[in-house]
Amino acid sequence: MKFRSKIIDIGCLNHFTRVVTTISKLTKTCVLRLTPDNLYFVLSGKVANGGVGMWCELSQAKFFDEFQLEGVSVEANEICLELAPDNLSRALKTAQNAKTVKIKLTRKHCPCLTIAAELPTMSSVSRVVTHDIPVDVIPKRLWNDFKEPSMPDFDVTIYMPPLKIMKNVVDRMKNLSNFLVIEANMNGEMNLKIETDLVSVTTHFRDLGNPPWAGDDGSQAGADSQREPETMVQARVDVRKLQQFLMGQQFNPSKAMCNIVQNTIIHLILLYEDVSLQYFIPAVA
């Protein structure tokens with residue numbers, strides 16, 4: 001297995017750093033899946049047990065000036081690594097003014113992602129700062145656990161309000177209860193609700209719009225013939241998990257969508273040009 005890459009463009013470096021920093025605020029450990037065309041940050045297999053799931057996809061050509069990969073075999077030309085994204089984020093932050101940043105898979109005392117940043121100097125002598133980030137190489141037999149998750153058969157899909165506004169609302173609601181109800185319909189309406197024995201608070205969002213999302217059979221997603229567009233679909237979630245997602249955003253997405261499966265799951269999607277981030281929050285009883 002071999003992997004080496006280089007980033008020269010400072011804008012690409014800053015953008016990649018923001019993406020990794022976002023991931024680091026969502027999870028302490030995740031899987032970095034490397035393919036010839038894309039990079040994926042994956043957190044899977046925990047939604048059924050009450051945890052969250054994540055799938056972040058990046059096009060390598062949009063970030064890297066050089067990208068060379070030799071996977072475990074010709075047929076399986078991929079590499080899967082488990083790492084702490086916070087370590088990668090901190091290494092990249094020290095290289096924000098670098099002339100070039102090289103990232104490669106090395107083996108020292110253990111397998112590592114080595115970040116080598118060539119920093120500008122006042123003399124002709126180059127100054128290189130190197131970070132070795134420990135990783136665990138995931139064997140091929142476990143790769144199926146880190147494939148793209150199937151799209152939920154959701155009941156409602158809706159565009160989200162501005163994330164900063166939603167974050168401010170959720171931050172205040174967190175002080176009232178540990179759980180929050182998200183409900184929405186196919187008429188562009190979303191409500192955030194807190195209901196306890198002592199207080200009932202609802203924040204209303206209107207005219208958000210509903211994405212024209214087709215299902216696998218070509219039918220309109222969320223278009224249940226038994227449900228009127230005004231009928232609300234809801235899921236009750238741990239407010240801290242939703243707050244963590246909103247606090248972690250380091251870039252402004254071009255589109256933000258929320259899919260709801262009645263009393264089952266909240267599926268959040270952020271799209272930003274060359275980045276797609278999916279986040280799964282299970283409902284609680």
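Quick caveat: nothing in here was measured; it's all calculated off a predicted structure.
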Practice prompt. Could you please spell out the steps behind the ring pair (Phe, Tyr, Trp, His ring centres under 6.0 Å) verdict for H267 and Y279?
Written response: CA-CA 6 Å; H267 175 221; Y279 199 70; 10.0 Å; no
Discussion item. Using salt bridge (Lys or Arg N to Asp or Glu O under 4.0 Å), reason through E183 and K193 one step at a time and then give a plain yes or no.
Written reply: CA-CA 8 Å; E183 62 179 13; K193 300 167 58 177; 3.8 Å; yes
Item to complete: Please report the C-alpha distance between I79 and L69 in whole Å, then the side-chain angles of each, then the deciding distance to 0.1 Å, and finally whether the side-chain contact (heavy atoms from CB on, under 4.5 Å) criterion is met.
Response: CA-CA 8 Å; I79 300 174; L69 175 73; 3.4 Å; yes
Worksheet item: Could you walk me through whether L246 and D171 pass the side-chain contact (heavy atoms from CB on, under 4.5 Å) check?
Response: CA-CA 10 Å; L246 295 170; D171 285 346; over 6 Å; no
Item to complete: Could you walk me through whether V261 and D153 pass the side-chain contact (heavy atoms from CB on, under 4.5 Å) test, one step at a time?
Response: CA-CA 7 Å; V261 182; D153 186 16; over 6 Å; no
Discussion item. Run T203 and M173 through side-chain contact (heavy atoms from CB on, under 4.5 Å) and show every step you take.
Written reply: CA-CA 10 Å; T203 299; M173 287 186 163; 3.5 Å; yes
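With values rounded to the nearest 0.5 angstrom, L32 atom CG is found 8.5 Å from C80 atom SG. For the atom pair CE (M247) and CZ (F245), the distance works out to 13.0 Å, reported to the nearest 0.5 Å. In this structure, H131 NE2 and K93 NZ are separated by 12.5 Å, a value rounded to the nearest 0.5 Å. Here CE of M190 is found 5.0 Å from CD1 of I158. Values are rounded to the nearest 0.5 Å. Here M160 contributes atom CE and L208 contributes atom CG; the two are 9.5 Å apart, rounded to the nearest 0.5 Å. Taken from NZ in K241 to CG in L26, the straight-line distance is 13.5 Å, to the nearest 0.5 Å.
In terms of heavy-atom proximity, S200 sits nearest to E195 at OG-CG, 3.9 Å. Contact detail for I23 and C30: the closest heavy-atom pair is CG2-SG, 4.1 Å.
Side-chain atoms of S5 come within 3.5 Å of backbone atoms of I103 as a donor-acceptor pair (strictly under, hydrogens ignored). Remark: side-chain polar atoms of N168 are paired, donor with acceptor, to backbone N or O of K164 under 3.5 angstrom. For N259 (side chain) and F154 (main-chain N/O), no donor-acceptor pair under 3.5 Å exists by modelled atom type. When atom types are taken as modelled, the side chain of Q243 and the backbone of V170 share no donor-acceptor pair closer than 3.5 angstrom. Of the possible donor and acceptor atoms, one in the side chain of N210 sits under 3.5 Å from a partner among the backbone N and O of G188. Of the possible polar contacts, one joining the S24 side chain to the T21 backbone as a donor-acceptor pair under 3.5 Å is found. The backbone N or O of G71 lies less than 3.5 Å from a partner atom in the side chain of N77, making a donor-acceptor pair. With hydrogens and angles ignored, the 3.5 Å screen pairs a side-chain donor or acceptor of D155 with a backbone N or O of Q262. Here the side chain of T22 pairs a donor or acceptor atom with the backbone of R18 at under 3.5 angstrom. Under a 3.5 Å cut-off, the side chain of W143 and the backbone N or O of I138 do form a donor-acceptor pair.
Taking the six-membered ring where tryptophan is involved, the planes of F16 and F41 are tilted, since the angle between them lies from 30° to 60°.
Cation-pi geometry between R236 and F179 is met: the NZ or CZ atom falls under 6.0 Å from the ring centre, inside 45° of the normal.
Between E78 and R33 there is a salt bridge, since a side-chain N of the basic residue sits under 4.0 Å from a carboxylate O of the acidic one. At a threshold of 4.0 Å, the pair D86-K28 does not count as salt-bridged, since none of the basic side-chain nitrogens sits closer than that to a carboxylate oxygen.
Residues D132 and H109 bring no donor and acceptor atom of their side chains to less than 3.5 Å of each other. For the residue pair Q96 and T17, a side-chain donor N or O sits within less than 3.5 Å of a side-chain acceptor on the partner. Side-chain polar atoms of N38 and Y40 form a donor-acceptor pair below 3.5 angstrom. A side-chain donor-acceptor contact under 3.5 Å links T106 and T114. Under 3.5 Å, the side chains of R172 and N175 contain no donor-acceptor pair of N or O atoms.
Heavy-atom contacts from other residues, nucleotides or ligands closer than 6.0 Å to NZ of K62 number 12 or fewer.
Side-chain atoms of V181 and V237, non-hydrogen and from C-beta on, never get closer than 4.5 Å to each other.
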